[in-house]
Every structure is written in structure tokens, then in C-alpha cells.
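Everything on this sheet refers to the single structure shown next.
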Amino acid sequence: MRKMRTQSAPWRAVAVLASVLLVGGVAACGNSDTGGGGSKDDGKITMGFSQVGAESGWRTANTTSIKESAAAAGIELKFDDAQQKQENQIKAIRNYIQQKVDVIAFSPVVESGWDTVLKEAKDAGIPVILTDRSVDSADKSLYKTFLGSDFVKEGKLAGEWLVEQKKSATGPVNIVELQGNTGAAPANDRKKGFGEAIAANPNLKIIASQPGDFTRAGGKQVMEQFLKANPKIDVLFAHNDDMGLGALEAITAAGKVPGKDITIITVDAVKDGMQALADGKFNFIAECSPLLGPQLMDLAKKVKAGETVPPRIETEETTFTTEQAKEALPTRKY
């Protein structure tokens, strides 16, 4: 009877190697993504953040708050500056998806055009937090929450102050408006809120409204155009301090006294704007706080842990007159 042939040494080696690889493969799968988007569940949170840009003092303070808060919270931050371009933000978000970060946060350049990339993040299991600016998507499941200001309210507060100041006016009060970026949520909403508030007094009329892109240079350039085209301007409403500060230069160059010949109302309350208000060059500021970092990091931890968070979280803000600005300036953080 012939003896059964035993497996040769080379074949035994191949079989052992295959077994090792199989076990190793199973073990590797066991350590792969756990549904939160991150590369491994080691308790460390990685956040991808896409910032609008660095167009103003407000935005610079916002970026500083986010970076410092991430470091303090022990969150690894991957930061990108979109330079005011939506295509840059979409590219950054897709890069974060490929890198399998745990949380994506961003401040949208404009309101529209986000559904496709937000769905990609959702399909990858990565929660998204909107900061400062929201989007107009009908599908609210594409992001976990919005953290920021009520821009309509800011516009209303500015308009209501003006209505009170001009309540005794018997003739037309000519207003010019410096808008933010076309299509941006704060520009749309502040315009809406201001318009609704001044409707209470038919004497208050916006005679010119144009984007200054939230920059000092834009504010100066557009204000120069307003002054040339409109010999009588009573009020300037600027959607942020930086545009108002640029407009100051144009108003002064035109031989007018800012804050007296032209009433100036702005939004933000950054230090330079508050100084202009304290000096009497601005007349009123509705605050929009950029210090969102601590709240954002807290939200990142909650959504990573699977906790339910409110769909909208608003920051607490106030308004300032000249005297209030003088009191607040010594301890102003931004």
C-alpha cells in the first residue's frame, strides 16, 4: 500500500504565510473606521476647518479664537483659508473627507451650492458644523448644527436705533448701504433686518446699496462712488466695521465730518470699530462676536460622541453707543 504523500516544505510555508496574512487582515479591519469618520477611535478628535478668509479684523479674531480653543481642548485642527472663494472651500472639505477627519466645520463663503459636498461628508459618516454663516439647503440633515449670530436681528437693532434717532424728522432721510459679499448670509440677513426696521418710518429711505465685500478697501471705494452720485447723504449703514472704517476715509476726503455730517451705523464691534465709535466717528454698532472657538470645540466633542445638539445655537451679543464703547474698550479682547 502506498503511503500518502506529505505536503512539501515550500507548500507548508505558503500555507502558514496565508494564515498570517488573513489574521492580520481581520485585525486591521477591526481597527479601521468606527463610523465617526476618524482613522481610529483613540479618543483624539481631528477637526477640519475651512475659513472664509482674512478679509477683516473680525475674521482674524475669529480664526485666532478657533485655533487657540482647539489647542486648549486637545483637538487636532486642520485649518484652511478659502480666500473668499467657494470652490476653495469645497476642495478643502473634500480633502478633509479623504483624510477621514472626525468633524468638519466651516464658515460658508455664500449660502447656496453646498448640498453635493455636504452629502459626501454625510455619506462618509463625518458630522458637519456650520459656524458664523449658514447655508440655504432644504435638507437640514446634511449638517448637525449652526453656531453663530442672528444676522437679521443685528440689522433690525441697527434699524431700530436709527428709527428712534430720526423720529422727529419731517423730511427725507437719505441712507446709503455698504453690503457684504453678494450671496453671503450676513449680507442678505443684515440688509433684510435693517430694511424691515426702518420701514416703521417712511422718511427713512435707502437711496443706494452696493457690496463692499466686507473689506476696508471695498468700503472706501464704494463710499467714494456714493458721495459722487448723491450730494445729500444723511446716514451710512455698513454691514461691518471694516467697510465703515474704509468709508470714513472717503467721507473725510470729501470734506465731510463722519459721525456728524453723516450718521454712521455698523455691525461687528471689533476694536478699531469701537475706537471709531468712542471717538464719535461712528454713532452706533450692533455687536457680532467672533469668539466662537470655545463653543465650537464643545460642539465637536458632543457630535463626535453621538450626542444630540440643538439645530441652531446663537451667540450672546449686545449693542454699543459712543459712551458704552468708551467703557468697553479697555477690556475689549478683539
Evaluate whether atom NZ of K232 has more than 12 neighbouring non-hydrogen atoms of other residues, nucleotides or ligands under 6.0 angstrom away.
yes

Does one hydrophobic cluster hold both V267 and W58, with members joined at side-chain heavy-atom distances below 4.5 Å?
no

By side chain to side chain contact (heavy atoms under 4.5 Å, CB included), Q225 pairs with (sequence neighbours left out) Q210, Q221

Donor-acceptor under 3.5 Å (D81 side chain, Q83 main chain):
yes

Heavy atoms, side chains only, cut-off 4.5 Å: are D241 and D272 in contact?
no

N/O donor to acceptor pairs below 3.5 angstrom from side-chain atoms of residues 293-303, sequence neighbours left out:
unit_1: D298; atom_1: OD2; unit_2: K302; atom_2: NZ; d: 3.4

With side-chain hydrogen bond (donor to acceptor under 3.5 Å, both in side chains) as the test, would you mind laying out the steps for H239 and E154 before giving the verdict?
CA-CA 9 Å; H239 286 188; E154 291 167 356; over 6 Å; no

To the nearest 0.5 Å, tell me how far I90 CD1 sits from T116 OG1.
8.0 Å

Residue pairs meeting ring pair (Phe, Tyr, Trp, His ring centres under 6.0 Å), one or both in residues 127-149, sequence neighbours left out, come to none

Minimum heavy-atom separation for A121 to I104, with atom names?
CB-CD1, 4.3 Å

V52 side chain near Q84 side chain, heavy-atom distance below 4.5 Å:
yes

Using the ring-ring contact (aromatic ring centres under 6.0 Å, His included) criterion, which residues pair with F284? Sequence neighbours excluded.
W161

So, N95 versus Q99: side-chain donor-acceptor pair below 3.5 Å or not?
no

Distance only, no hydrogens: is a donor on one side chain within 3.5 Å (strictly under) of an acceptor on the other, for S149 and E317?
yes

Do I313 and V103 sit in one hydrophobic cluster, given that two such residues count as connected whenever their side-chain heavy atoms are within less than 4.5 Å of each other, even indirectly?
yes

Apart from M223 itself, what residues make up its hydrophobic cluster, given side-chain heavy atom links below 4.5 Å?
V176, L178, I207, F214, V222, F226, L227, I233, L236, M243, L245, L248, I251, I262, I264, M274, L277, F282, I285, F320, L329

Any chance the side chains of T215 and D242 put a donor and an acceptor closer than 3.5 Å?
no

Using the test ring-ring contact (aromatic ring centres under 6.0 Å, His included), find all partners of W114 that sit at least two apart in sequence or belong to another chain.
F106

First locate atom CG of L77, then atom CD1 of I45, and finally report the distance between them rounded to the nearest 0.5 Å.
12.0 Å

For P172 and D234 the tightest heavy-atom approach is O-OD2, 3.9 Å

Compare every heavy atom of K192 with every heavy atom of V152, then report the nearest pair and how far apart it is.
CG2-CD, 4.4 Å

Please assess Q165 against T263 for the test side-chain hydrogen bond (donor to acceptor under 3.5 Å, both in side chains), listing each intermediate value before the final yes or no.
CA-CA 10 Å; Q165 294 299 305; T263 299; over 6 Å; no

Closest contact, heavy atoms only, I265 versus A158:
CG2-CB, 3.6 Å

Who pairs with F151 by ring-ring contact (aromatic ring centres under 6.0 Å, His included), at least two apart in sequence or on another chain?
none

What pairs meet the salt bridge (Lys or Arg N to Asp or Glu O under 4.0 Å) rule with one or both residues in residues 105-126, with sequence neighbours excluded?
R94-E120, K119-D123

Verify the neighbour count for atom CD of E307: are there more than 12 heavy atoms of other residues, nucleotides or ligands below 6.0 Å?
yes

Donor-acceptor pair between D80 and Q89 side chains, under 3.5 angstrom
no

Looking at D279 and K326, is any side-chain nitrogen of the basic one under 4.0 Å from a carboxylate oxygen of the acidic one?
no

So the side chain to side chain donor-acceptor pair (under 3.5 Å) pairs with at least one residue in residues 281-291 (sequence neighbours excluded) are E287-R332, E287-Y334

On a heavy-atom basis, which atom in S65 and which in S69 lie closest, and how many Å separate them?
O-OG, 2.7 Å

Is any side-chain heavy atom of F79 closer than 4.5 Å to one of K67?
yes

How long is the straight-line distance from CZ of R190 back to OG1 of T266, given to the nearest 0.5 Å?
9.5 Å

If you define the side chain from C-beta out and look only at heavy atoms, does anything of K166 sit under 4.5 Å from L204?
yes

Run the side-chain contact (heavy atoms from CB on, under 4.5 Å) check on V163 and K167 step by step: do they pass?
CA-CA 6 Å; V163 168; K167 61 184 179 183; 5.7 Å; no

Is a side-chain donor or acceptor of N240 paired with a backbone partner of D268 at a separation under 3.5 angstrom?
no

Is any side-chain heavy atom of V135 closer than 4.5 Å to a side-chain heavy atom of L130?
yes

Between CG of N201 and CD of E164, what distance do you get to the nearest 0.5 Å?
11.0 Å

Report the residues that fulfil side chain to side chain contact (heavy atoms under 4.5 Å, CB included) with K220, sequence neighbours left out, ordered by chain and then residue number.
E224, E249, A250

Closest heavy-atom contact between A286 and T319?
CA-CG2, 4.1 Å

Spell out, as yes or no, whether a donor-acceptor pair under 3.5 Å connects the side chain of T145 to the backbone of P310.
yes

Check whether any side-chain N or O of N203 sits under 3.5 Å from a backbone N or O of V173 as a donor-acceptor pair, and report yes or no.
no

Please list all pairs passing the salt bridge (Lys or Arg N to Asp or Glu O under 4.0 Å) test where one or both residues lie in residues 132-148, with sequence neighbours left out.
R59-D132

Rounded to the nearest 0.5 Å, what separates atom CZ in R312 from atom OG in S134?
6.5 Å

I'd like to check the side chain to side chain contact (heavy atoms under 4.5 Å, CB included) partners of T46; sequence neighbours left out, ordered by chain and number.
E76, K78, V101, D102

Distance from S107 atom OG to L292 atom CG, nearest 0.5 Å?
8.5 Å

F49 and I75: same hydrophobic cluster, using ILVMFWY side-chain contacts below 4.5 Å?
yes

Taking the side chain as everything from C-beta on, heavy atoms only, tell me whether L162 gets closer than 4.5 Å to I175.
yes

